[in-house]
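Sequential numbering from 1 along the given sequence is applied to the chain's residues.
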Amino acid sequence: MLPVHQAIRRLGARWLSATALSVTLCTALRCAAAEAPRFFEYLYVESNSGDSSGGHAAICFADRCYHFQQDEAQTIRLHRDAAEEFDYRYRLLGNRTIHVARVDVSPDTYERLRAAFQARLQIEDRQYDQLQSLTRDRQLLELIGNGTGGVGVAPGAIAVRIPGSAYFVADARDTAPPLWAGEAGPSGSNRSTTIERLAAQVRAAYGDDFIARRAATLRASIAQLVPEPPVNTLPEAGRLPVLPAGFATRHRELLSGWLALTVLRAAPPLRAGSFHAPTGADFALQPAEINVLRAAAAQLNAALVQLLVSERPDWGYPMLVGMARLMALEASIDSGYLVLLDDFPENAPSIKPETVARHTATLAQVRDERQADFFAARRAFFESSSREEAAFSALETTGNLFIDIDAALQQHAPLRVYTGPVVPTKSAIRSDWPLPQLSDVTRQPVVAARQREDAYRAALAGLYRYDLFSHNCVTEIFRTMESALTSAGSGAAPDPSAVRAASTAALGGYVEWRRTPNFIPFLSARAVDRAYRVSERVERPSSRTMKLEEMYHHENALRVDLRESNVLTARSYERNEDDPIFLFFTDDVFVRRPLYGIANLAVGVGGTLAGLAWLPVDRGATLRAGLDGALFSVPEIAFINIRKGAFAFAPRRWLGDDGTIPTNTSETGTNP
């Protein structure tokens with residue numbers, strides 16, 4: 001038997017050896033994982049009538065796609081979409097097939113490229129945010145000057161928008177009624193007991209005069225607010241702007257805080273139309289769920305008390321929304337039904353009831369999808385132990401979308417359109433908010449502010465100008481890739497030989513896009529296929545293509561071909577009012593394409609003539625559709641297809657898990 005000290009020494013040696021071996025193995029595995037090849041995707045989106053009649057291009061990293069789009073100011077802007085959203089927008093609604101080339105790269109190259117696109121997106125967004133800040137500064141100076149007779153802007157032409165304010169105060173620019181019956185607020189049963197309890201807790205925590213004292217301080221700060229000395233820094237390519245908060249931004253932050261404190265003092269109820277209180281079975285609450293809401297309300301209540309002493313300058317907006325949500329939670333607990341804030345902005349565009357009626361069958365599927373999303377978000381929130389704000393926000397968002405489309409279908413209400421995330425930013429625009437008391441706002445400061453705004457806008461237009469040949473959706477992708485691979489700024493022109501060498505080393509080859517036809521999306525895709533290290537090519541078919549494949553699989557081919565050849569009898573297409581006027585589809589035929597093109601041209605000319613007669617009635621809608629129909633029919637005579645028809649609405653489930661349309665949706669469209 002070994003002595004104790006030798007046994008310990010031997011065990012220690014074995015432990016050290018095992019540890020060293022495990023470290024070596026872990027290091028090796030980590031290195032192997034780090035060196036494992038990755039890929040990005042280069043996407044070519046086929047053309048369709050409208051803004052992308054020449055096709056479109058994008059680059060995707062995992063589940064994020066970056067692509068450049070032309071905006072109304074004739075500039076080219078970088079956008080980032082979730083891959084699923086990109087597919088939905090282009091393959092389903094846009095009815096456009098996407099051709100994918102997967103390019104193998106090293107992890108380092110992958111990260112450099114991804115970081116370059118993300119950095120450019122952040123820089124562009126910040127620069128355009130700065131332009132909006134300059135615009136708001138000029139508008140605020142005009143508003144102040146108009147009140148003092150210094151500028152001469154028409155009354156009510158401009159006003160201040162406060163996000164979150166419309167849950168408590170009315171929107172009115174010209175003849176704004178008082179906020180409430182004085183700052184004392186409504187009387188009797190009109191006062192919110194939820195806000196009164198919150199105010200009592202605030203006074204208990206910080207003193208009886210805290211709310212009134214801080215509200216007075218903020219109002220004095222608003223009155224004393226003055227613009228910062230002008231900074232004439234213009235945007236630069238590849239440089240993140242770092243500028244102080246603008247005059248209007250600081251005013252809005254102070255004003256939001258003052259309004260939040262005023263709400264605490266006044267305790268008004270939520271404004272009618274700013275929340276949803278459905279009583280259907282889908283929104284009924286179980287006792288256990290009510291207990292969850294009680295805990296969430298208590299947590300939110302405590303957070304709001306702490307928020308009032310936050311050092312962040314923009315605390316007013318989350319305080320306003322938080323109080324509105326607290327009132328909705330308390331109303332849910334009291335009623336036994338889920339009450340939700342209306343997240344849609346006041347000026348959200350909407351679709352007319354008659355348009356909704358023409359697409360009832362498809363929108364019913366979208367409604368079912370939104371209902372399923374709501375149920376999933378509801379389960380996620382009530383079954384979670386963390387009660388995070390993100391889970392409640394998802395519940396609120398999905399509930400809003402479900403309620404809105406249900407009202408459109410059941411009550412023939414307008415269907416509101418949402419773009420981007422649905423968040424509670426409902427804003428009241430009023431001309432009677434407290435303003436800075438500037439005594440010398442004459443035309444000169446306003447003119448100077450407008451000049452700074454115009455100069456910044458012109459500089460942005462110069463940096464990101466759109467050009468069909470040299471600055472479009474294709475060239476900007478390659479330009480950004482080159483800057484990443486050569487470590488050059490996005491505004492610099494790297495050495496061509498260095499670019500070619502870097503691209504060849506990282507991507508397997510080089511695509512020459514300057515002074516070549518490769519600026520055209522479909523030619524750029526061919527160039528990528530030939531030059532880069534492409535490991536796989538994938539075709540993601542369009543919505544109508546997938547439907548036709550399902551129909552051909554289950555029905556007689558000749559019957560499908562005849563029925564689906566035209567917009568009058570097709571089940572694979574639902575008439576979209578934004579589409580040009582046409583009769584025959586030509587994207588799935590070749591030999592017959594010129595004949596169909598001639599027929600489409602005749603129909604387009606007929607629509608144009610009819611549009612002239614209908615001009616006083618529909619304000620030129622039929623005329624434009626007819627002209628576009630004739631225009632996009634001409635290439636078909638030369639065996640070229642551009643127009644494929646688009647969809648106004650489509651349920652997301654038309655894209656199955658495998659990227660195909662399930663068989664039971666192949667005949668769900670309604671005939672025009």
Side-chain angles (χ1 to χ4, degrees), residues 41 43-50 52 56 58 60 63 65 81-100 351 355-377 397-398 401-402 404-406 408-409 415 417-419 538-555 560 563-567 569-579 585 587-588 643-672:
E41 294 182 333
L43 274 54
Y44 158 54
V45 184
E46 289 187 1
S47 62
N48 201 344
S49 56
S52 297
H56 192 47
C60 299
D63 61 345
C65 294
D81 290 315
E84 181 181 356
E85 181 66 25
F86 190 90
D87 257 24
Y88 176 74
R89 183 181 305 168
Y90 286 97
R91 291 178 60 199
L92 279 189
L93 297 182
N95 193 29
R96 301 161 68 178
T97 295
I98 299 178
H99 302 269
V100 182
I351 298 168
T355 302
V356 172
R358 284 195 292 268
H359 298 273
T360 299
T362 299
L363 285 173
Q365 296 180 61
V366 177
R367 176 207 175 274
D368 293 343
E369 212 166 56
R370 291 187 179 180
Q371 183 185 44
D373 291 341
F374 168 66
F375 287 162
T397 295
T398 54
L401 296 177
F402 172 44
D404 195 69
I405 195 170
D406 195 58
L409 290 171
L415 177 62
V417 178
Y418 70 97
T419 56
V538 179
E539 182 177 294
R540 298 175 183 160
S542 67
S543 174
R544 182 171 177 272
T545 299
M546 289 188 293
K547 286 187 175 184
L548 288 176
E549 289 175 357
E550 289 293 322
M551 291 176 181
Y552 282 123
H553 183 71
H554 292 93
E555 301 180 55
V560 172
R563 185 188 66 212
E564 303 302 320
S565 65
N566 66 90
V567 299
T569 60
R571 296 178 181 174
S572 59
Y573 172 76
E574 194 172 87
R575 172 63 183 160
N576 180 4
E577 289 79 2
D578 293 331
D579 269 347
F585 295 99
D587 55 322
D588 56 338
R643 176 194 48 228
K644 298 171 176 63
F647 294 86
F649 311 100
R652 293 179 184 273
R653 67 185 179 89
W654 281 4
L655 282 179
D657 293 337
D658 58 351
T660 61
I661 293 183
T663 54
N664 61 355
T665 66
S666 61
E667 297 187 15
T668 55
T670 56
N671 291 330

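Phe647 and Trp654 have perpendicular rings, their planes meeting at more than 60° on a 0 to 90° scale where under 30° would count as parallel. A perpendicular orientation is assigned to the rings of His359 and Phe649, their planes being inclined by more than 60° (bins at 30° and 60°).
Glu85 CD: more than 12 foreign heavy atoms inside a 6.0 Å radius.
Remark: Thr545 engages Thr97, Pro541, Ser542, Glu549 in a side chain to side chain contact (heavy atoms under 4.5 Å, CB included) (not counting sequence neighbours). Shown here are the side chain to side chain contact (heavy atoms under 4.5 Å, CB included) partners of Asp588, two or more places apart in sequence or in another chain: Arg544, Leu548, Phe585. Evaluation of the salt bridge (Lys or Arg N to Asp or Glu O under 4.0 Å) rule for Glu369 yields no partner, not counting sequence neighbours. With sequence neighbours excluded, no residue satisfies ring-ring contact (aromatic ring centres under 6.0 Å, His included) with Tyr88. Taking the side chain to side chain contact (heavy atoms under 4.5 Å, CB included) definition, one finds that Ala372 meets it with nothing, sequence neighbours left out. By the side chain to side chain contact (heavy atoms under 4.5 Å, CB included) test, Asn566 is found to be paired with Leu568, Thr569, Leu583, Phe584, residues two or more places apart in sequence or in another chain being considered.
The heavy-atom pair separating Ile405 from Leu363 by the smallest distance is CD1-O, 3.6 Å. The shortest heavy-atom contact between Leu415 and Ala408 is CB-CB, 3.9 Å. Heavy atoms only, all atoms of each residue included: Val366 and Pro651 are closest at CG2-N, 3.7 Å. Contact between Ala377 and Thr398 at its shortest, heavy atoms only, is CB-OG1, 3.4 Å. Considering all non-hydrogen atoms of both residues, Ala646 and Tyr573 come closest at O-CE1, 3.4 Å. Between Ser49 and Asp579, the shortest heavy-atom contact is OG-OD1, 4.4 Å.
At least one donor-acceptor pair closer than 3.5 Å links the side chain of Thr360 to the backbone N or O of Ala357. A donor-acceptor pair is defined here as one N or O able to donate and one able to accept, closer than 3.5 Å; such a pair exists between the side chain of Arg96 and the backbone of Glu46. Looking only at distances, a side-chain donor or acceptor of Asn95 sits under 3.5 Å from a matching main-chain atom of Lys644.
Val45 places a side-chain heavy atom less than 4.5 Å from the side chain of Phe86.
Ion pairing between Glu41 and Arg540 holds under the 4.0 Å rule for side-chain N and carboxylate O. A salt bridge links Arg367 and Asp406; the closest N-O separation between the charged side-chain nitrogens and carboxylate oxygens is under 4.0 Å.
Between Ser572 and the choices Lys547, Glu564, Glu550, Arg563, the side chain to side chain donor-acceptor pair (under 3.5 Å) rule is met once, by Glu564.
For the atom pair CZ (Arg358) and CD1 (Ile351), the distance works out to 11.0 Å, reported to the nearest 0.5 Å.
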